[in-house]
Amino acid sequence: MRQQTAEIRTASFADLDTRTFHDLLKLRIDVFVVEQNCPYRELDGRDVEPGTRHLWLTDGGAPLAYLRILADPDGTARIGRVVVDPAARGGGHAGRLITAALEVVGNRPCVLEAQSHLVAFYGRHGFAVSGAEYVEDGIPHTPMRRERIDA
């Protein structure tokens, strides 16, 4: 799948149809739980929060890549669940999706918990390491932050 033909979609939980939500969850579970062998609570209740935005790339079929933006209580945006279908990796989809997410975030501060091998990738999008590396579900992670951008 060429990057240029994939469409970016954005929705709140209330605007997702059941098939789309199923396909987004399937991608998340296939990668995070099965491929990365991390049994954890995928359904954490945050998908349905009014401030959550779901972004994904699709070629008209199943999602190629996905992430969600959460609204933390202090107004900070929190990007998470960044995932690319194994068959679509290497096509620039994650970068395109992060760029779209940062457009949604606007000038608010934004945080994420990067898998540590992806620190440089997120650094190219304006994020800086904001804390010590830690291990979650056997995978090293690094907290990162993108400060407020004044217009």
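We use all heavy atoms of the structure for the numbers below, so side chains are in, but hydrogens, waters and symmetry mates are not. Numbering starts at 1 and runs along the sequence shown.
- Shown here for Arg108 and Gly75, the closest heavy-atom pair between the two residues is CD-O, 3.5 Å.
- In terms of hydrophobic clustering, with Ile, Leu, Val, Met, Phe, Trp and Tyr side chains grouped at heavy-atom distances under 4.5 Å, Val111 and Tyr134 are assigned to different clusters.
- Shown here for Asp44 and Asp47, the closest heavy-atom pair between the two residues is OD1-N, 4.1 Å.
- The shortest heavy-atom contact between Ala65 and Leu97 is C-CD2, 3.6 Å.
- Separation of atoms CD (Glu49) and OG (Ser12) is listed at 12.5 Å; rounding is to 0.5 Å.
- In this structure, Glu35 pairs ionically with Arg89, as a charged nitrogen and a carboxylate oxygen lie closer than 4.0 Å.
- Listed here is the closest heavy atom pair of Arg145 and Pro109: NH2-CB, 3.4 Å.
- Counting only distance, with no hydrogens or angles, the side chain of Asp72 and the backbone of Asp74 share no donor-acceptor pair below 3.5 Å.
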Given the rule in the side chain to side chain contact (heavy atoms under 4.5 Å, CB included) test, do Leu24 and Leu16 qualify, once you have shown the distances and angles that lead to the verdict?
-> CA-CA 10 Å; Leu24 297 174; Leu16 289 171; 4.2 Å; yes
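- If you take CZ on Phe21 and NZ on Lys26, they are separated by 15.0 Å, rounding to the nearest 0.5 Å.
- Val135 and Leu118 are members of different hydrophobic clusters when ILVMFWY side chains are connected at heavy-atom separations under 4.5 Å.
- In this structure, the side chains of Pro63 and Asp85 stay at 4.5 Å or more apart for every pair of heavy atoms.
- For the atom pair CZ of Arg28 and CG of Leu67, the computed distance is 10.5 Å after rounding to the nearest 0.5 Å.
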Determine, step by step, whether Glu136 and Glu113 satisfy the side chain to side chain contact (heavy atoms under 4.5 Å, CB included) criterion, reporting the C-alpha distance in whole Å, the side-chain angles of both residues, the deciding distance to 0.1 Å, and the verdict.
-> CA-CA 10 Å; Glu136 183 175 349; Glu113 305 296 319; 5.7 Å; no
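- Phe121 and Leu57 end up in the same hydrophobic cluster when Ile, Leu, Val, Met, Phe, Trp and Tyr side chains are linked at under 4.5 Å.
- Taking the side chain as every heavy atom from C-beta outward, Arg96 and Thr99 never approach each other to under 4.5 Å.
- The backbone N or O of Arg46 sits nowhere less than 3.5 Å from a side-chain atom of Arg68 that would complete a donor-acceptor pair.
- Linking ILVMFWY residues whenever their side-chain heavy atoms come closer than 4.5 Å, directly or via other members, places Trp56 and Leu27 in the same cluster.
- Rounded to the nearest 0.5 angstrom, Thr142 OG1 and Glu133 CD are separated by 4.5 Å.
- The CG atom of Leu64 lies 11.0 Å from the CD1 atom of Ile8; values are rounded to the nearest 0.5 Å.
- In this structure, His54 contributes its side chain and Thr52 its backbone to no donor-acceptor pair below 3.5 Å.
- With Arg146 as the partner, the side-chain contact (heavy atoms from CB on, under 4.5 Å) test is satisfied by one option alone out of Ile79, Thr76, Leu102: Leu102.
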Between Arg81 and Val83, is a side chain to side chain contact (heavy atoms under 4.5 Å, CB included) present by the stated rule, with each step listed?
-> CA-CA 6 Å; Arg81 301 294 204 267; Val83 62; 5.8 Å; no
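- Taken together through direct or relayed side-chain contacts under 4.5 Å among Ile, Leu, Val, Met, Phe, Trp and Tyr, Val82 and Ile139 form parts of separate hydrophobic clusters.
- Of all the heavy atoms in Pro143 and Ala132, the pair that sits closest is CD-O, 3.3 Å.
- With rounding to the nearest 0.5 Å, the separation of CD in Gln36 from CG in Asp137 is 9.5 Å.
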